Amino acid sequence: MNDVSQTTAPAREASLKNRMAMYGNNRLQIGLFGANCSSGRAVTKVPERWSGNWPDNKKLARMADEAGIDFLLPIGRWKGYGGDTDYQGATLETFTWACGLLASTRRITVFGTVHAPLFNPIIAAKEMVTADHIGEGRFGLNIVVGWNEGEFEMFGVQQRDHEQRYEYAQEWIDVIKMIWSDKEDFDFDGAYLHMKGIRGKPKPCGGSRPVIMNAGASPTGQAFAIRNCDAFFLQASRTSLDETAQRVAKAKTQAKEFGRELGVYTVGVVTCKPTKKEAEDYYHHCIVEHADWSAVDGILALKNISPDTVPMQEFLLKRSQYAQGMGGLPIVGDPDHVARELIDLSKAGLTGIAISLVNYIDELPYFCDEVLPRLQRAGVRGQ
Ligand SMILES: Cc1cc2nc3c(=O)[nH]c(=O)nc-3n(C[C@H](O)[C@H](O)[C@H](O)COP(=O)(O)O)c2cc1C
C-alpha cells in the first residue's frame, strides 16, 4: 500500500474550505461507510463478514489514514435488524467512536452520525467540539432525523411525522451553528426548542466549524440538506451516468441559489478482485448465495416494502439491492473496471463516494494498491 504517513503531516488550517476538501486535493474523495456496525453494509452470512469491533475499527482507521482514504462515515444505528446474523446488531456509538479514531489517526476526516431528535443540541454541540479538538479540525457531522420506528420506541421518544422531523432538525442545527459561532449567552425560542442563556466554549478549531452532511432522499430531506449542509449524499443511478450527472447538477444549482457551495456524494459497494470473474464470483457468494435474507426482509418490512405493498418484481429487485450495501451502487470487477467506474462518477460531477466492503481490513489494501494509483494517473486523485 502507498504509505503517505511520512508525507502528509498536514500543515492544516481548519478553514471550512480545507475541511470540505478534507485537507487534500482529491477531485474524487473516497470514504469508508459503515465500519462501526457489525456486518458493515453487507447483509451476508459469510464467516469473514465485518466484526465491527473496536480493535478492527482502530486497525482499519489507521490503515485508511496511511493509505490516503479521505473520510470515515459511521452509521447511527441503535438496534440491530435481526435475521440469522442480527445484522448491525452490535454498533459502536458514533461520537465516541470518532473521538477514539481521531486520536489514533493523523489526517483522515471522521464523521459522527447524529439523530437530531435523540440528542440535546447543547450536549451534541459540545461533544462535537470535543471530537473536533481531538482531531484538530477533522470531525464532520452527519445529521439524520431517523426513520426506524423501533429505535425511537426503545428511547421512549415519539417519532414526529416526516415534515416535522426536518422542521425540528432545522431548529436543532440552527442552535448548534449559533453555539459554534461567536454568539454568546443567547436565547433560542423556536417552535420546538426553547432555551435560555446558551453558551458553549470552546469553539471548533480554526474559527470555522465541522463539515455538515445529510442524506435526505425525500424532497423535504433534500431541501434541508441543500439549505444547511456542505455535503449532500444522493443515490447514483444504477443504469445511467447521465441521470446521475443531472441529479448532481440539480443539487449543486439549488445550493447555489442559497449562495452555498455543496459537495455531492454517493454510496458505493465495492468488490474488487484481480479478475472480473473472481469479483463476480465473490459478489455472488456473499450477496446472493450467503445473503442473510431474513435480515433483508426485516429491513424491507421496516420500510413497508413487501409483496403486499409493491409489485413482486419490484420487491425482488429491492431485495437484491438491499442485500448488498443496503441499496448502494454496486461496483464489481477488476481494478481497471473499478477505477473506470469511479472516474466516470467523478466526471458526472460527484465530489466523493462512501464505499463499503465485506471485510474492510481484508479488502482495503488491494483496493488502495490497485485502484488508487489508477485514479491518480487519471487525475481524479492528487499525487
Ligand atoms: C450515506 C447515508 C448515510 C445515512 N446514515 C444514516 C444513519 O446513520 N442513520 C439513519 O437512521 N439514517 C441514515 N441515513 C438515512 C438518511 O438520513 C435519510 O433519512 C434517508 O435517506 C431517507 O430520506 P428522508 O429522511 O428524506 O425520507 C443515511 C443515508 C445515506 C444515503
Side-chain angles (χ1 to χ4, degrees), residues 29-41 52 70-81 87-88 91-95 97-98 109-119 124 140-155 157 159-170 172-173 211-238 244 247-248 251 263-269 299-300 302-305 318 321-322 324-329 345 350-356:
Q29 297 169 355
I30 296 180
L32 299 176
F33 184 27
N36 66 311
C37 300
S38 59
S39 292
R41 290 179 48 83
D70 299 287
F71 65 95
L72 300 171
L73 177 62
I75 297 172
R77 177 72 51 246
W78 300 97
K79 204 173 195 180
Y81 291 106
Y87 176 63
Q88 294 187 345
T91 61
L92 297 176
E93 188 281 318
T94 72
F95 275 154
W97 174 87
T109 293
V110 185
F111 283 84
T113 297
V114 187
H115 283 83
L118 301 179
F119 281 69
L141 162 65
N142 175 18
I143 174 169
V144 300
V145 300
W147 58 271
N148 186 338
E149 206 74 47
E151 289 194 324
F152 277 66
E153 279 172 6
M154 181 169 85
F155 282 86
V157 171
Q159 176 92 291
R160 297 185 177 88
D161 76 37
H162 190 270
E163 295 299 301
Q164 285 182 343
R165 283 177 216 168
Y166 281 101
E167 285 171 13
Y168 177 85
Q170 185 63 57
W172 190 91
I173 198 65
V211 165
I212 302 173
M213 66 153 278
N214 174 263
S218 62
T220 310
Q222 294 196 5
F224 174 85
I226 284 160
R227 233 178 12 249
N228 296 291
C229 297
D230 313 300
F232 168 54
F233 275 72
L234 53 66
Q235 207 165 26
S237 164
R238 285 165 181 257
T244 300
R247 289 178 195 173
V248 174
V264 182
Y265 296 72
T266 198
V267 172
V269 191
I299 296 164
L300 291 178
L302 284 173
K303 292 179 178 262
N304 202 25
I305 300 170
K318 289 271 181 221
Q321 290 176 348
Y322 268 79
Q324 55 84 19
M326 306 272 289
L329 185 71
L345 290 173
L350 282 167
T351 313
I353 183 165
I355 64 167
S356 56

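Order of appearance sets the numbers: ligands from 1, and atoms from 1 within every ligand. Sequential numbering from 1 along the given sequence is applied to the chain's residues. These numbers were taken from a predicted model, which means no experiment stands behind them. The figures here come from the full heavy-atom set of this structure, side chains too, leaving out hydrogens, waters and symmetry mates.
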message: Heavy atoms only, cut-off 4.0 Å: how does H115 contact ligand 1, side chain, backbone, both, or neither?
response: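 Within the 4.0 Å criterion, H115 contacts ligand 1 through side-chain atoms alone.
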
- request: Using a 4.0 Å heavy-atom cut-off, say whether H162 meets ligand 1 through its side chain, its backbone, both or neither.
  value: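 Only the side chain of H162 comes within reach of ligand 1.
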
message: With a 3.5 Å distance limit and no angle check, can you tell me whether Q88 reaches the backbone of C37 through a side-chain donor-acceptor pair?
response: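 Judged by distance alone, no pair lies under 3.5 Å.
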
Interfacing atoms of ligand 1 (cut-off 4.0 Å, heavy-atom, [X]):
X    : answer
F233 : 1 (C)
G221 : 26 (O)
G216 : 23 (O), 26 (O)

Where the closest heavy atom to [atom] is concerned, which of [options] has it?
atom                    : options                : answer
atom 4 (C) of ligand 1  : I143, T220, N142, T266 : N142
atom 14 (N) of ligand 1 : L234, V144, L73        : V144
atom 24 (P) of ligand 1 : F224, Y166, W78        : Y166

Side chains of [X] and [Y] in contact at under 4.5 Å (non-hydrogen atoms):
X    : Y    : answer
F155 : P117 : no
Q159 : E151 : no
Y322 : K303 : yes
N214 : N228 : no
Y265 : F33  : no

What is the closest protein heavy atom to [atom], and at what distance does it sit?
atom                    : value
atom 23 (O) of ligand 1 : A217 N, 2.9 Å
atom 20 (C) of ligand 1 : A215 O, 3.9 Å
atom 26 (O) of ligand 1 : S218 OG, 2.5 Å
atom 12 (N) of ligand 1 : W147 NE1, 3.6 Å
atom 9 (N) of ligand 1  : G76 O, 3.2 Å

Please say whether [X] places an N or O atom under 3.5 Å from an N or O atom belonging to ligand 1.
X    : result
T113 : no
V267 : no
N214 : no
I75  : no
P74  : no

query: Under 4.0 angstrom from ligand 1, any heavy atom of F33?
result: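 Checking ligand 1 against F33, which is what was asked, there is a heavy-atom contact under 4.0 Å.
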
field: Nearest-0.5 Å distance that lies between atom CG in N142 and atom OG1 in T94
entry: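 Atom-to-atom, N142:CG and T94:OG1 are 8.5 Å apart.
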
- prompt: Roughly how far apart are F233 CZ and T351 OG1, rounded to 0.5 Å?
  reply: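 Going from CZ on F233 over to OG1 on T351, the span is 9.5 Å.
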
task: Look at the rings of Y81 and W147 and say which category their plane angle falls in: under 30° parallel, 30 to 60° tilted, over 60° perpendicular.
output: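 Answer is parallel, since the angle falls under 30°.
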
field: Exercise: identify the closest heavy-atom pair between K79 and G150
entry: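 So the minimum-distance heavy-atom pair works out to NZ-O, 3.8 Å.
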
query: Does the ring center of Y166 lie less than 6.0 Å from the ring center of H162?
result: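 Yes, close enough.
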
query: By side-chain hydrogen bond (donor to acceptor under 3.5 Å, both in side chains), which residues pair with W97, not counting sequence neighbours?
result: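 Scan of W97 (side-chain hydrogen bond (donor to acceptor under 3.5 Å, both in side chains), adjacent residues dropped) gives N57.
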
